[in-house]
Each structure stands twice: as structure tokens, then as C-alpha cells.
Amino acid sequence: MAIDKEKMENDFQIYLMSINDNLDDLEVVLKEHYGSEYQLDFTIESLDKIEDFLSKQLENYAIKIYPLGKLLENVSTYMGEIARRKLSGYWDLERDNKDFDFGYPMITDLDGLPKDFGWSPIQVVFNFKRKKKIGLLKRATKSIFRISI
């Protein structure tokens, strides 16, 4: 099966243009769950509530405005934005088809890390979906900050 690199690039550009919408959509469902005062604050600590919410949704998905896959994408976008904002990184796409993260958005050029280092938060979210280990999202995001020192 041939890889459609043009489609992959186009999908990534759409993703980049949708980052703020993804964050807004995540905040909407979190406000419904935690109350109207809830706001995404882009801290590591905020991942506790997001992970609690995600684990409940994985048990019994109740969001009507978008499917589970979109929730997973929105959570991973939020995790990536925490790292990007704190470590001055950039969203990029893994284009090496031999890489495990091929085709996924990732955060690159993070302060204190090698230029060729990239972090794909969606892989962490997929792992959480499979294993449902509480604390995984927070630990994985914290690890980016530890290795950047």
C-alpha cells in the first residue's frame, strides 16, 4: 500500500489550523463535567482532572458532540500544548516511515532537548486508552520537562 504523502501533509495542516478548536472543544466538555468555571490552564497538575475525565469516558462514552477518537486527539493536543508552551517547541509531523510515530503530530525543537527529539503525545493517549493506568498522562508529560534540564 502506497503512502499518500500529500494527503498526510494536508491532514497535518488541517490539524495545525484546528489546534485552538481542539482545545476549545476539550474545554467545553470539561466545563460540562467540572462546572462552568473550569478552564484549561496548561499546567502539569491540570492533567489529573483531564485523566479522571478521560478514564470515565473510556468506561462509558457520553459525549454527544464528537466521537471518542476526537476526544483522544483533543487530550493529546492539550498535552502537546503544555510542552510546546513551556519549552518553546513547535508542532511537526513525523515523516520518516520507519519511525514508530510516523504520520502523527509531534512536538519538536523543545528547549533543552536535542533538535532531532520529537514527542508524540497521541501515543501516550493511545497507551492510556489500552492500559488505563491512572497517572500515565501526567507522568509522561512531566518526563519531557525532566529530560529537558
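All heavy atoms count here, side chains included; hydrogens, waters and symmetry mates do not.
- No continuous path of ILVMFWY side-chain contacts below 4.5 Å connects F117 to F100, so the two sit in separate hydrophobic clusters.
- Under the 30°/60° scheme for interplanar angles, the aromatic rings of F42 and Y78 are found to be tilted.
- Separation of atoms CG (D111) and NZ (K86) is listed at 13.0 Å; rounding is to 0.5 Å.
- Within the 4.5 Å cutoff, side-chain heavy atoms of P121 are placed close to those of W119.
- One finds the CZ atom of F53 at 14.0 Å from the CG atom of L47 (value rounded to the nearest 0.5 Å).
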Donor-acceptor contacts under 3.5 Å from residues 18-29 side chains, at least two apart:
unit_1, atom_1, unit_2, atom_2, d
S18, OG, I14, O, 2.8
N22, OD1, K70, NZ, 2.7
N22, ND2, E73, OE2, 3.0
N22, ND2, T77, OG1, 3.3
E27, OE2, L40, N, 2.8

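- With a 4.5 Å cut-off on side-chain heavy atoms, E94 and D96 count as touching.
- Legend: residues meeting side-chain contact (heavy atoms from CB on, under 4.5 Å) with F102, ordered by chain and number and at least two apart, are I3, M8, N97.
- Counting only heavy atoms from C-beta outward, the side chains of Y66 and N74 approach each other to under 4.5 Å.
- Inter-residue side-chain proximity for K49 and H33 is flagged as unmet; no heavy-atom pair is nearer than 4.5 Å.
- No side-chain heavy atom of L54 sits less than 4.5 Å from a side-chain heavy atom of E51.
- Taking the six-membered ring for Trp and the full ring otherwise, W91 and Y15 have centroids separated by under 6.0 Å.
- Rounding to the nearest 0.5 Å places OG of S143 at 9.5 Å from CZ of F145.
- By the side-chain contact (heavy atoms from CB on, under 4.5 Å) test, N60 pairs with no residue at all, sequence neighbours left out.
- For K64, there are no side-chain contact (heavy atoms from CB on, under 4.5 Å) partners at least two apart in sequence or on another chain.
- Note that the CD1 atom of I44 and the CE atom of M79 stand 8.5 Å from one another [nearest 0.5 Å].
- Side-chain N or O atoms of T141 include none that pairs as donor or acceptor with a backbone N or O of K138 at under 3.5 Å.
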Donor-acceptor pairs under 3.5 angstrom involving side-chain atoms of residues 103-110: please list them, not counting sequence neighbours.
unit_1, atom_1, unit_2, atom_2, d
T108, OG1, Y90, O, 3.4

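- For NZ of K31, the number of neighbouring non-hydrogen atoms (other residues, nucleotides, ligands) closer than 6.0 Å is greater than 12.
- Taking OG of S120 as the reference point, atom CG of L93 lies at 9.5 Å (rounded to 0.5 Å).
- Environment of CD in E45: crowded, with over 12 heavy atoms of neighbouring residues, nucleotides or ligands closer than 6.0 Å.
- Minimum heavy-atom separation, L30 to I50: CD1-CG1, 3.8 Å.
- Here the closest non-hydrogen pair linking L71 and Y61 is CD2-CE1, 3.8 Å.
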Return a table of donor-acceptor pairs under 3.5 angstrom between the side chains of residues 128-137 and protein atoms on other chains or two or more places apart.
unit_1, atom_1, unit_2, atom_2, d
K132, NZ, K129, O, 3.1

